[in-house]
Amino acid sequence: MTDRRDIPYRFEPTDTAAQLHAAHGDLAAGESSGVQATVAGRLMLRRVQGRLCFGTLDDASGERIQLFAPAAATPDYEEFCSLSIGDWVGAGGEVMKTRRGELSVQVGDWRLLAEARRPFPDKWHGMADTDTRYRQRYVDLWVTPATRRAFEVRSAATAAIRAELAARDFTEVETPMLHPIPGGAAARPFITHHNALDCDFYLRIAPELYLKRLVVGGLPRVYELGRIFRNEGLSPRHSPEFTMLELYQAYADYTDMMVLVEELSAAAAAAATGSTQITADGASLDLAPPWRRATMAEVVSEFAGRELPATGTPDSPAAADLRGEADRLEVATEAGWSAGRILAEIYERRVESELQGPLFVCDFPLEVSPLARRHRHVDGLAERFEAVVAGRELGNAFTELTDPDEQRTRFAHQEHRRRGGDSEAMVTDEDYLRALSYGLPPTGGLGLGIDRLVMLLCGAETIRDVVLFPTLRPEAGAGGDS
RNA sequence: GCCCCCGUAGCCAAGCCUGGCAAGGCAUCGGACUUUUAAUCCGCAGAUCGUGGGUUCGAAUCCCACCGGGGGCACCA
C-alpha cells in the first residue's frame, strides 16, 4: 500500500490550474465533468469541515484550483486533512464543480511532494517586512502576488525585446564580464583577482567597447542583454548589478536608435501588460511611438522659462549666461566648465526628474560624451540622446565615434581628468583604438536599462522589486566564514 | 560616507509619547462540524520585545553603542 507521505521520485501532472479553468470553467455548479485530471502545486489554504476537506492549490499557472476531498472517497482522508499550508501536493481525480460553483478536482488519489517544515506567512496579511521578502524570495513569490507578477512582466518584456531584435536581424552575443580595463561608461568598478594569471580584473561596467569591436569584426547588428556591475551607492533606482540591453547597428545613426527605443519599449509593454499605457507617479503615460524629441538646450530653456544657449567656451558670454542661470537654480558649477557642461549639469540636477516623457533629450555636450561622434551641425555637441520616461533615464544612445585618432584624443582628455582626481573618468583602451584603426563603419549604439523599463511596466517603486535577489548585506550567521 | 525612520511569537500586529503582569488576529496543536471560499465555533500552547550596555525599586517603553532594513543626501544609469 502506498504511503502518501513518502516522497516520490517523480510526479506527472496532466493539467495546470489555468488549463482546467479554461477547459471546464463553464461547468454548472454541482456538476461533474467525467474528466480525470492530475494537478500539483503548493497547498495555500485548507478548510476541513468534518467529513469534507477543501484545499486551495496554487501551481503558479496564474490560477488556483480547489481540491475537494470527501472522507468517503478520499484515500487516507485523515492524512490529507492534516497536510500543512505550504506543503507541495500532487492530486488526481475527476474535475467537478461544488454546489457553490467552485471548480475543483475531487481527490481520488494524492501524494505529498514536499513538506513545508516551516510555517508559511499569514494567509491574509502575507509578508510586510521588505528585508524578509528580499532575503526569502522563495516565500515572497508565493505570498505576494505583485512579486510573481513583476517577474512575469520582466520575462515577457525581455522575451519581446529579443524577438523584436531577432526580427531585425540582430545577433545576440556574450562578451567578457571580466575586463582588464573597465571601459564604456563613467563608473567605479568592482575589482577581482584571477589566481592563475595573477592579475586583477574588473567586473564590467559596460559591454560597449567589446560590442563595437564585434562590429569591426563583421557583425553589423549585434546586441547583448546582460548584467553589468557598478560599485556605487544603492537606492530605489540603483542596484550594484543591473541588466542592460546594449546594441550596435552599422550604417545607422542616433536617429535610428530613437526609432528602435520607441519600438522596443512599446513591444515590451504590449507583450508584458497588453498595452503601451503605463502609470507612473499617478500619471498615465503612453509608450506608443512617436516620442517627443527635444534638444537638451530646449528642455532646460523650458524649465528655466527663457531661451538658453547650448554651447560656448568657458570664457564665452554663453557660459557666463548659463552660470548665472545655474546659480539661480542652486546648481553648483566649477570654473573651467564650458557652456555645454553647465547646461548638462542643470539638466541632470534639476530638469530630468521633472520630465514626464516619454521623450528623447538630444545633443549632449561633447566633453561628457567621450565615445560619441561630434554633432554634424553644431560645434561642441555630440550626437547623443537620453530616453526619459517618468523623470528617469531609460536609455542612452549615440552616433558612435568611429575615428581612431579622435578617439585617442578623447581618451587623453579623460586621462587628464583622471589625473585631476575624477575616479570615474575613462582609461585609455589601446586595443579598442587598434580595433577602430581597422575601420568601424558609421554605427548607432544604444543602451537600455532593463530594470527601469520593467519598473515602469509593473509600477514598481524600487528596483529591488524587479530584481529577484537584490544585493543586501549578508545575513549574520547565515553561513560564509562567520 | 552623512541625516531621518523602523525592528515585539513562524506571519500580521497593539503597547513606546506619559516606565508598573507583553493585547488581539492568522498559522501550529487538541476538539466539534458532509459543499467550504481568509470557513466557523471551543480549547491548549507559543516571546532572549534585533544585540549589548546604562539610568531606575522596576525598562518593550528613557539614554548610549552596535547589527539589520527602509527612505533621503552624495555618487551614478
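Letters A, B, ... mirror the listed sequences (proteins, then strands); counts begin at 1.
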How would you label the contact of [X] with the nucleic acid (heavy atoms, under 4.0 Å): base, sugar-phosphate, or nothing?
{"X": "E386(A)", "result": "nothing"}
{"X": "G449(A)", "result": "nothing"}
{"X": "L45(A)", "result": "sugar-phosphate"}
{"X": "R64(A)", "result": "nothing"}
{"X": "A185(A)", "result": "nothing"}
{"X": "S82(A)", "result": "nothing"}

Report the base-pairing partner of [N] (Watson-Crick or G-U wobble, both distances below 3.5 angstrom), or none.
{"N": "C49(B)", "value": "none"}
{"N": "C73(B)", "value": "G1(B)"}
{"N": "G68(B)", "value": "C6(B)"}
{"N": "G58(B)", "value": "none"}

Give the intermediate values and the outcome of side-chain hydrogen bond (donor to acceptor under 3.5 Å, both in side chains) for residues Y134(A) and D129(A).
CA-CA 9 Å; Y134(A) 297 147; D129(A) 183 28; over 6 Å; no
So, is [X] close to the [N] phosphate, meaning a side-chain N or O under 4.0 Å from OP1 or OP2?
{"X": "R47(A)", "N": "A39(B)", "result": "yes"}
{"X": "R473(A)", "N": "G69(B)", "result": "yes"}
{"X": "Q49(A)", "N": "U34(B)", "result": "no"}
{"X": "R46(A)", "N": "A38(B)", "result": "no"}

Between [X] and [Y], is the gap from one ring center to the other below 6.0 Å?
{"X": "F398(A)", "Y": "Y254(A)", "value": "no"}
{"X": "Y202(A)", "Y": "F190(A)", "value": "no"}
{"X": "W88(A)", "Y": "W110(A)", "value": "no"}

Taking atom [atom1] in both [N] and [M], compute the distance separating them and give it to the nearest angstrom.
{"N": "A65(B)", "M": "C41(B)", "atom1": "P", "answer": "48 Å"}
{"N": "G25(B)", "M": "C3(B)", "atom1": "C1'", "answer": "37 Å"}
{"N": "A9(B)", "M": "C4(B)", "atom1": "P", "answer": "26 Å"}
{"N": "U35(B)", "M": "A39(B)", "atom1": "C1'", "answer": "11 Å"}
{"N": "A77(B)", "M": "A27(B)", "atom1": "P", "answer": "50 Å"}
{"N": "A23(B)", "M": "A14(B)", "atom1": "P", "answer": "15 Å"}
{"N": "C57(B)", "M": "G19(B)", "atom1": "C1'", "answer": "12 Å"}
{"N": "C73(B)", "M": "U18(B)", "atom1": "P", "answer": "31 Å"}

Is the closest side-chain donor-acceptor distance between D286(A) and T276(A) under 3.5 Å?
yes
Distance-only polar pair, side chains of E345(A) and Y347(A), donor-acceptor under 3.5 Å
no
Does any N or O in the side chain of R111(A) come within less than 3.5 Å of the main-chain N or O of D6(A), such that one atom is a donor and the other an acceptor?
yes
With no hydrogens and no angle check, is any side-chain donor or acceptor of S32(A) less than 3.5 Å from a backbone partner on G34(A)?
no
Give each protein N/O atom lying under 3.5 Å from an N/O atom of nucleotides 70-72 of chain B, with the pair distance.
unit_1: G70(B); atom_1: OP1; unit_2: R464(A); atom_2: NE; d: 2.9
unit_1: G71(B); atom_1: OP2; unit_2: R464(A); atom_2: NH1; d: 3.0

Given [options], which nucleotide is nearest the side-chain atoms of [X]?
{"X": "E393(A)", "options": "A39(B), A77(B), G69(B)", "answer": "A77(B)"}
{"X": "L52(A)", "options": "U34(B), A39(B), C75(B)", "answer": "U34(B)"}
{"X": "I85(A)", "options": "U34(B), A38(B), A27(B)", "answer": "A27(B)"}
{"X": "R452(A)", "options": "U35(B), C75(B), A77(B)", "answer": "A77(B)"}

Over how many whole Å does the gap from [X] atom [atom1] to [N] atom [atom2] extend?
{"X": "I65(A)", "N": "U37(B)", "atom1": "CD1", "atom2": "C1'", "result": "13 Å"}
{"X": "D87(A)", "N": "A27(B)", "atom1": "CG", "atom2": "C1'", "result": "13 Å"}
{"X": "L453(A)", "N": "A77(B)", "atom1": "CG", "atom2": "P", "result": "18 Å"}
{"X": "E102(A)", "N": "U35(B)", "atom1": "CD", "atom2": "C1'", "result": "11 Å"}
{"X": "L245(A)", "N": "A77(B)", "atom1": "CG", "atom2": "C1'", "result": "14 Å"}
{"X": "E232(A)", "N": "C73(B)", "atom1": "CD", "atom2": "P", "result": "16 Å"}
{"X": "F68(A)", "N": "U34(B)", "atom1": "CZ", "atom2": "P", "result": "12 Å"}
{"X": "Q136(A)", "N": "G68(B)", "atom1": "CD", "atom2": "P", "result": "17 Å"}

RNA chain B: W124(A) or L83(A), which has the more 5' nearest nucleotide?
L83(A)
Would you sort out whether R64(A) and T56(A) count as a side-chain hydrogen bond (donor to acceptor under 3.5 Å, both in side chains), showing the intermediate values?
CA-CA 7 Å; R64(A) 291 177 167 189; T56(A) 301; 5.9 Å; no
Just the atom pairs and distances: protein N or O near nucleotides 7-14 of chain B's N or O, under 3.5 Å.
unit_1: C11(B); atom_1: O2'; unit_2: D122(A); atom_2: N; d: 3.1
unit_1: C11(B); atom_1: O2'; unit_2: G126(A); atom_2: O; d: 2.8
unit_1: C12(B); atom_1: OP1; unit_2: A128(A); atom_2: N; d: 2.9
unit_1: C12(B); atom_1: OP1; unit_2: D129(A); atom_2: N; d: 3.3

Show the nearest heavy-atom pair for residues Q19(A) and D15(A), with the distance to one decimal.
OE1-CA, 3.3 Å
[Y] six-ring centre to [X] NZ/CZ under 6.0 Å and within 45° of normal:
{"X": "R137(A)", "Y": "F469(A)", "answer": "no"}
{"X": "R148(A)", "Y": "W142(A)", "answer": "yes"}
{"X": "R154(A)", "Y": "F151(A)", "answer": "no"}

Reading 5' to 3' through nucleotides 40-52 of chain B, protein heavy-atom contacts under 4.0 Å coded B for base, S for sugar-phosphate only, - for none:
-------------
R293(A) atom CZ, over 12 foreign heavy atoms within 6.0 Å:
yes
Pick out which of E383(A), Q407(A), E208(A), R373(A) makes a side-chain contact (heavy atoms from CB on, under 4.5 Å) with E400(A).
E208(A)
